[in-house]
Amino acid sequence: MANHRDDRPLSELMTGLVADISGLFRKEIDLAKAEASENVNRAIGSLETLLIGLIFAIGAIGVLLSAAVQGLAAFLVAQGMTEPNSDALAAVIIGVAIALLAWAMISRSLSALRGSSFKFDRTASSLQRDIDVVKERVQ
């Protein structure tokens, strides 16, 4: 900073400094609010994806286990397998496939939630710069 002479009284300089610092902290609080809002919006988006994945998983289990199991069981019977064995095998095959699909969607959403940062990086760095400036002015 340039060193220049200021003829204002000390009380006026201190009043200005207090006003500057309070304005600065107001701006920092606004920045923190904006960052928190961004983080919450990102988390809500991930939760929406998670819920959609869960709905698909439930719907898939209900629909596919009733329709696909019967279709696969009929195919297995046509291939020469007994009806009770074909029903059981068809249920296992379809159940595993749907469980893998549900797991993939839920896992993806959970990793997105874990990856979203709830840190206030911009606010912290801005506050550090402000502290450095205040220290420089006071010294």
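- The environment of CD in E83 is sparse: at most 12 heavy-atom neighbours from other residues, nucleotides or ligands sit within 6.0 Å.
- The structure places CG of L17 at 12.5 Å from CD of E12, a figure rounded to the nearest 0.5 Å.
- Residues I106 and L47 are members of one and the same hydrophobic cluster, defined by side-chain heavy-atom contacts under 4.5 angstrom among Ile, Leu, Val, Met, Phe, Trp and Tyr.
- No donor-acceptor pair closer than 3.5 Å links the side chain of S86 to the backbone N or O of L76.
- The two atoms that bring A91 and V69 nearest to each other are CA-CG2, 3.7 Å, heavy atoms only.
- Taking CD1 of I44 as the reference point, atom OG1 of T49 lies at 12.0 Å (rounded to 0.5 Å).
- Rounding to the nearest 0.5 angstrom, the gap separating the CD1 atom in I58 from the CD1 atom in I98 is 13.0 Å.
- By the criterion of side-chain heavy atoms lying less than 4.5 angstrom apart, applied directly or through intervening Ile, Leu, Val, Met, Phe, Trp or Tyr residues, F75 is grouped together with L89 in one hydrophobic cluster.
- Proximity of L31 to K27: side-chain heavy atoms (C-beta onward) are nowhere separated by under 4.5 Å.
- In this structure the side chain of R129 reaches within 4.5 angstrom of the side chain of S125, judged on heavy atoms.
- Between the side chains of E35 and N39, not a single donor N or O lies within less than 3.5 Å of an accepting N or O.
- The two residues A73 and D87 come nearest to each other via the heavy atoms CB-OD1, 3.1 Å.
- Residues V77 and M81 fail the side-chain proximity criterion, which asks for heavy atoms closer than 4.5 Å.
- Although no hydrogens or angles enter the test, the distance criterion places a donor-acceptor pair under 3.5 Å between the side chain of S22 and the main chain of A19.
- Hydrophobic clustering (ILVMFWY, side-chain heavy atoms < 4.5 Å, transitive): L110 and L51 are in one cluster.
- Between the S107 side chain and the A104 main chain, no donor and acceptor come within less than 3.5 Å of each other.
- Connection of L54 to L113 is established within a shared hydrophobic cluster, with ILVMFWY side chains joined at heavy-atom distances below 4.5 Å, either directly or through further cluster members.
- Separation of atoms CE (M105) and CD1 (I55) is listed at 10.0 Å; rounding is to 0.5 Å.
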